[in-house]
Amino acid sequence: MNLVIFDCDGTIVDSQHVIVAAMDRALAVHGMPALPRGTILSIVGLSLNEAVARLIPQADTRIVELVVQSYREAFGELRRNPAHNEPLYPGALEAIQQLSRRPATFLGIATGKSRRGVTALFDRMHLGSYFATIQTADTHPSKPHPSMIRAAIEETGADTASTVMIGDTTFDMEMACRAEVAGIGVAWGYHSINELKSNGAHAIAMSYTELPAIVDRLLCPEAQP
């Protein structure tokens, strides 16, 4: 049984514009200056409380929680605005469909998003039927803790040797390493290729077109010519 786990933001969907806009609003509500775009994108993938704590390390726990709540409110409002959509990356749907047709293969999600956020996104994109297991920040420690991958493996009956983690951040690659599964970095997300490689990526996909073959190579090396 093979298990192919995807990150969400920066891997399946390009949510950078709404994330940055929501964080700018949340900080402004509490009288804090906007942060550089790159700084905000650098923490995408972490659970929200951990991400905000890293962005405003000078703030105490109460302020962090207030900013988190303001971010959730801003994100929800912006997501309803067509000008702040979260588009699929080119080729994402086709690759997901192709991998879902592989014999004895399950697809999964491991994301710093909330379950509500994943549900809203998947309902809009009609993606839910492709994924057998969805692990979110609601019930797990923040990446790079391996809890999400371990739970996905347990739910599907896979094992570490038959599992890959696909993501765009160093947190995804570190999580894969800690869970002892292969990590595939994607070149179109929020962390650089060099960062992904230096944090344990077994391979880098430059486009979604390449991804199924990379998955096959890592999960079924004996079948490769």
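Both backbone and side-chain heavy atoms feed into the values below; hydrogens, waters and symmetry mates do not. It should be emphasised that the depicted structure is a prediction, and the values quoted were computed from it without experimental measurement.
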What are the two closest heavy atoms between I5 and A152, and how far apart are they?
-> CD1-CB, 3.9 Å
Side chains of D168 and W188 in contact at under 4.5 Å (non-hydrogen atoms) | no
Please answer: with hydrophobic residues joined when any side-chain heavy atoms are less than 4.5 Å apart, are M165 and V4 in the same cluster?
-> no
Report the distance from atom CG of L3 to atom CD1 of I149, rounding to the nearest 0.5 Å.
-> 9.0 Å
Give, for atom OG1 of T169 and atom CG of L196, the distance between the pair rounded to the nearest 0.5 Å.
-> 7.5 Å
Check whether the side chains of Y190 and D14 place a donor and an acceptor atom closer than 3.5 Å, and report yes or no.
-> yes
Applying side chain to side chain contact (heavy atoms under 4.5 Å, CB included), run through V13 and Y89 and close with a yes or a no.
-> CA-CA 6 Å; V13 295; Y89 283 102; 5.5 Å; no
Same cluster or not: are M125 and L93 linked, directly or through other Ile, Leu, Val, Met, Phe, Trp or Tyr residues, by side-chain heavy atoms under 4.5 angstrom apart?
-> yes
Mark yes or no for whether T105, through its side chain, and N2, through its backbone, hold a donor-acceptor pair below 3.5 Å.
-> no
Closest non-hydrogen atom pair between S15 and G10, with its separation = OG-N, 4.4 Å
Can you tell me if H191 and S42 form a side-chain donor-acceptor pair at under 3.5 Å?
-> no
Determine, using the 4.5 Å side-chain heavy-atom cutoff (strictly less than), whether I166 and F171 are members of one ILVMFWY cluster.
-> yes
For residues I109 and F122, determine if any side-chain heavy atom of one lies less than 4.5 Å from a side-chain heavy atom of the other.
-> yes
Mind running side chain to side chain donor-acceptor pair (under 3.5 Å) on D138 and S114 for me, showing each step along the way?
-> CA-CA 6 Å; D138 295 333; S114 68; 4.8 Å; no
side-chain hydrogen bond (donor to acceptor under 3.5 Å, both in side chains) pairs, two or more places apart, involving residues 147-157 = T133-E155, Q135-E155, H140-S147
Using a 4.5 Å cut-off on heavy atoms from C-beta on, say whether the side chain of E195 contacts that of S192.
-> yes
Distance (rounded to the nearest 0.5 Å) between I56 CD1 and H30 NE2 = 8.5 Å
Going hydrophobic residue to hydrophobic residue with side-chain gaps under 4.5 angstrom, can you get from V164 over to I204?
-> no
Got a second to check how far I214's CD1 is from L211's CG, nearest 0.5 Å?
-> 6.0 Å
Linking I/L/V/M/F/W/Y whenever their side-chain heavy atoms sit closer than 4.5 Å, directly or via other members, would M23 and L35 fall into one cluster?
-> yes
For residues M175 and P146, report the shortest heavy-atom separation together with the two atoms involved.
-> CG-CA, 4.0 Å
Is it true that a side-chain atom of R80 and a backbone atom of G76 form a donor plus acceptor pair closer than 3.5 Å?
-> yes
Heavy atoms only: give me the nearest G183-M173 pair and the separation to one decimal.
-> C-SD, 3.9 Å
Report the relative orientation of the aromatic rings in Y208 and F6; use parallel for angles under 30°, tilted for 30 to 60°, perpendicular for over 60°.
-> parallel
So, S47 versus E50: side-chain donor-acceptor pair below 3.5 Å or not?
-> no
Taking all non-hydrogen atoms of both residues, which atom of A26 and which atom of V67 are closest, and how far apart?
-> CB-O, 3.7 Å
Any side-chain heavy-atom pair of V181 and I153 under 4.5 Å = yes
Tell me, do I63 and M32 make a side-chain contact under 4.5 Å, heavy atoms counted?
-> yes
With no hydrogens and no angle check, is any side-chain donor or acceptor of T119 less than 3.5 Å from a backbone partner on R115?
-> yes
Considering all heavy atoms of both residues, which atom of P33 and which atom of L27 are nearest to each other, and what is their separation?
-> O-CD1, 3.7 Å
Okay, side chain of D123, backbone of A120: is any donor-acceptor separation there less than 3.5 Å?
-> no
Salt bridge check: are K113 and E86 linked by an N-O gap of less than 4.0 Å?
-> yes
Which is it for F131 and F106 under the ring-ring contact (aromatic ring centres under 6.0 Å, His included) test, yes or no, and what are the steps along the way?
-> CA-CA 7 Å; F131 294 94; F106 287 125; over 10 Å; no
Point-to-point distance, once rounded to the nearest 0.5 Å, from CG of L88 to CD of E94 = 9.0 Å
Got D216 and R102 here, is their nearest side-chain heavy-atom distance under 4.5 Å?
-> yes
Taking the side chain as every heavy atom from C-beta outward, state whether L66 and V29 have any pair of such atoms under 4.5 Å apart.
-> no
Over 12 foreign heavy atoms within 6.0 Å of CZ, R37 = yes
Pair Q69-E73, side-chain donor/acceptor within less than 3.5 Å = yes
Under-4.0 Å salt bridge between K143 and D7 = yes
CG of N194 to OG1 of T170, rounded to nearest 0.5 Å, is 12.5 Å
Side chains of Y71 and I19: does their closest heavy-atom pair fall under 4.5 Å?
-> yes
If you draw a 6.0 Å radius around CD in E180, do more than 12 non-hydrogen atoms from other residues or ligands fall strictly inside?
-> no
